[in-house]
Amino acid sequence: MDYHNPQWQSSMRIRLDINNTLRTVVGAHGIDPADIHAMAAAAGAALADIEANRAHLGWPDLPAQDISAILAAAQKVMHVENFVVLGIGGSALGNIAVQSALNHPFYNDQPRGTRTHPRLYVIDNSDPDLNAALIETLDPASTVYNVISKSGTTAETMSSFLAVREHLIKTLGPNALKEHVIVTTDPSSGFMRQIGLREGLPMLELPPNVGGRFSVLTTVGLLSAAVTGVDIRALLAGAAYGYQIASNPDVMKNPAALAAIVNLLCAKQGQNMVVMMPYSHHLRHISDWFAQLWAESLGKKTSLSGETVNVGTTPIRALGATDQHSQVQLYVEGPFDKLVNFIAVDTFAHSVTIPSAYSDLEGVAYLGGHTFNELINAEQQATAIALNDAGRPNMTHTLPAINAFTIGQLFMLLEMQTAIAGALLNINTFDQPGVEAGKIATYALLGREGFGERRAAIAAARARRSAQWEV
Ligand code: PA5
């Protein structure tokens, strides 16, 4: 992969096709191209603003970061069997997306030898069964745990850490933490930082200005990627290329700006859900990562000028071809409230021919001699055709191939799309008061010091509930 060669880079450029969102293709529920042009100036201003503030935002500059500490930390854990991320939301979803996009579909099941790097597990839930299984299943002696929390306070992550900590001390003795825990957290604040310092744990810092959902290309996502053998330099080179494309001031040639405009125009006409539907098993968790990025960034009550706006469109996670047999019926015939965003792949790593057999059974015989590659791409095109015929707007990002460069590029394109959409909505893309509200209520319910007032308010609200409505 010659990811510094400009010719190779342009051969790996992700393409965006928005034809199927237009009225000329899908009819009355499509977009008038004049409306796209009308938003171009505002999108151009948003781009200029992002460029002017890139140092403050942090994430656009991540491709140029120094990754030596990450590579050194990864090198130190190469010998272990299991690398376990304890994190949630922005401190987990990117890790999962990179792992499933770039490593073998059965990576953890491959025997050591075929798999040259540690297994990866991501524990991103306070589910007791999951946490019990983590403790029961993995041999702590050959496991390293990466506790990732930007704030260093998140209850789910802290609880998993406390469980792992006790298990390590019980099984391997009081000094085990230093050998088996790596902390990734804010460089100056948070309880996890205090714990790391107190216990003398190895710590990686993440840039304080980069929010969780924009942090996949920081120490948050890059350490587990490097530990599992992903070429993180290529990932960052792809992100740099993505920024180059997505910061093009010519909005009509800028896929991130056009995608942001199309999403907002669709939302204006009632298509207030966006279905992210990659046709690739490797890309299935990109939808999960995107769902958080889009939902947390754009789902906002208040505009920057202080008005109540309650904006945002709902991301839906889907997977082609699997969900053709589950959700597509709704997308084709249900309410006109969705924009479908396909992700297609030109060239898969394998070309697999479907064997010919049963020549007398025409319903089976036609498959023989085609490839799975042809089949999955035909299925994507067929779903787009069905949507077109039913008057449903849809658009397609196409990756020439799946590799670290295109995945880094895709992350940056979608981050830029989100930032541009947020600017066009005149909201703060980078805060998450709704998430904080849930965290605060959890602290109150569990009796954390300082949250007594909130606990009393919750108890008062509960007292007003009526038994009549609990059946
Ligand atoms: O995007 C966000 O800010 C959130 O989803 C956080 O990533 C999530 O709440 C976890 O937070 P933290 O990394 O502080 O533990």
Side-chain angles (χ1 to χ4, degrees), residues 57-59 62 84-98 122-127 130-131 145-165 181-196 201 203-224 285-301 312 314-315 317 411-412 414-419 421-422 427-446 448 451:
L57 294 171
W59 52 269
L62 289 173
V84 179
V85 167
L86 307 178
I88 195 166
S91 295
L93 290 164
N95 306 64
I96 299 169
V98 171
V122 180
I123 303 298
D124 64 346
N125 203 341
S126 43
D127 181 298
L130 176 67
N131 282 273
Y145 303 85
N146 182 199
V147 186
I148 309 180
S149 178
K150 180 176 159 67
S151 62
T153 55
T154 305
E156 294 86 345
T157 307
M158 292 303 112
S159 310
S160 291
F161 164 66
L162 290 172
V164 159
R165 174 187 175 276
V181 178
I182 301 172
V183 173
T184 305
T185 194
D186 186 90
S188 58
S189 67
F191 293 107
M192 205 56 229
R193 178 159 185 84
Q194 287 183 38
I195 292 169
L201 305 179
M203 286 205 271
L204 287 173
E205 299 176 346
L206 62 100
N209 50 346
V210 178
R213 56 194 175 274
F214 286 81
S215 71
V216 58
L217 299 175
T218 68
T219 45
V220 168
L222 294 182
L223 178 60
S224 64
H285 290 125
I286 293 285
S287 307
D288 294 352
W289 170 84
F290 172 76
Q292 187 211 14
L293 177 73
W294 193 252
E296 269 190 14
S297 299
L298 304 184
K300 297 290 154 68
K301 176 180 169 186
T314 304
R317 297 168 274 197
F411 282 137
M412 188 57 88
L414 294 173
E415 287 176 356
M416 283 293 281
Q417 171 184 321
T418 306
I427 49 148
N428 184 344
T429 309
F430 305 103
D431 68 358
Q432 55 282 328
V435 179
E436 303 307 332
K439 286 187 179 184
I440 288 167
T442 304
Y443 301 149
L445 290 173
L446 291 182
R448 182 175 161 186
F451 293 84

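First listed ligand is number 1; within each ligand, the first listed atom is number 1.
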Mark yes or no for whether [X], through its side chain, and [Y], through its backbone, hold a donor-acceptor pair below 3.5 Å.
{"X": "Thr184", "Y": "Thr219", "result": "no"}
{"X": "Lys300", "Y": "Asn428", "result": "yes"}
{"X": "Asn95", "Y": "Val220", "result": "yes"}

For this session: Would you please determine whether Lys439 falls within less than 4.0 Å of ligand 1 on a heavy-atom basis?
Result: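 In this structure, Lys439 qualifies as a contact of ligand 1 - some heavy atom is under 4.0 Å.
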
Exercise. Any idea which protein heavy atom is nearest atom 13 (O) of ligand 1, and the distance to it?
Worked result: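 Of the protein heavy atoms, Ser91 OG, 2.7 Å lies nearest.
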
For this session: Considering heavy atoms of the protein only, find what lies nearest to atom 12 (P) of ligand 1 and give residue, atom and distance to 0.1 Å.
Result: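 Heavy-atom neighbour on the protein nearest atom 12 (P) of ligand 1: Thr154 OG1, 3.3 Å.
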
Exercise. What is the distance from atom CZ of Arg213 to atom CZ of Phe430, rounded to the nearest 0.5 Å?
Worked result: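 The CZ atom of Phe430 is 8.0 Å from CZ of Arg213, to the nearest 0.5 Å.
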
Problem set entry | Heteroatom distance test (Gln292, ligand 1): nitrogen or oxygen, under 3.5 angstrom |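 The answer is yes, given that Gln292 and ligand 1 share an N or O pair closer than 3.5 Å.
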
Exercise. Gly90 to ligand 1: N or O pair under 3.5 Å?
Worked result: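 By distance alone, the answer is yes.
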
Provide the number and element of each atom of ligand 1 under 4.0 Å from a heavy atom of [X].
{"X": "Ile88", "result": "7 (O), 8 (C), 10 (C)"}
{"X": "Gln432", "result": "3 (O)"}
{"X": "Glu296", "result": "1 (O), 2 (C), 3 (O), 4 (C), 5 (O)"}

Exercise. Does the ring center of Phe161 lie less than 6.0 Å from the ring center of Tyr145?
Worked result: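 No; Tyr145 has its ring centre 6.0 Å or more from that of Phe161.
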
Exercise. Heavy atoms, side chains only, cut-off 4.5 Å: are Asn146 and Val181 in contact?
Worked result: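 Result no, sub-4.5 Å side-chain heavy-atom pair not found.
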
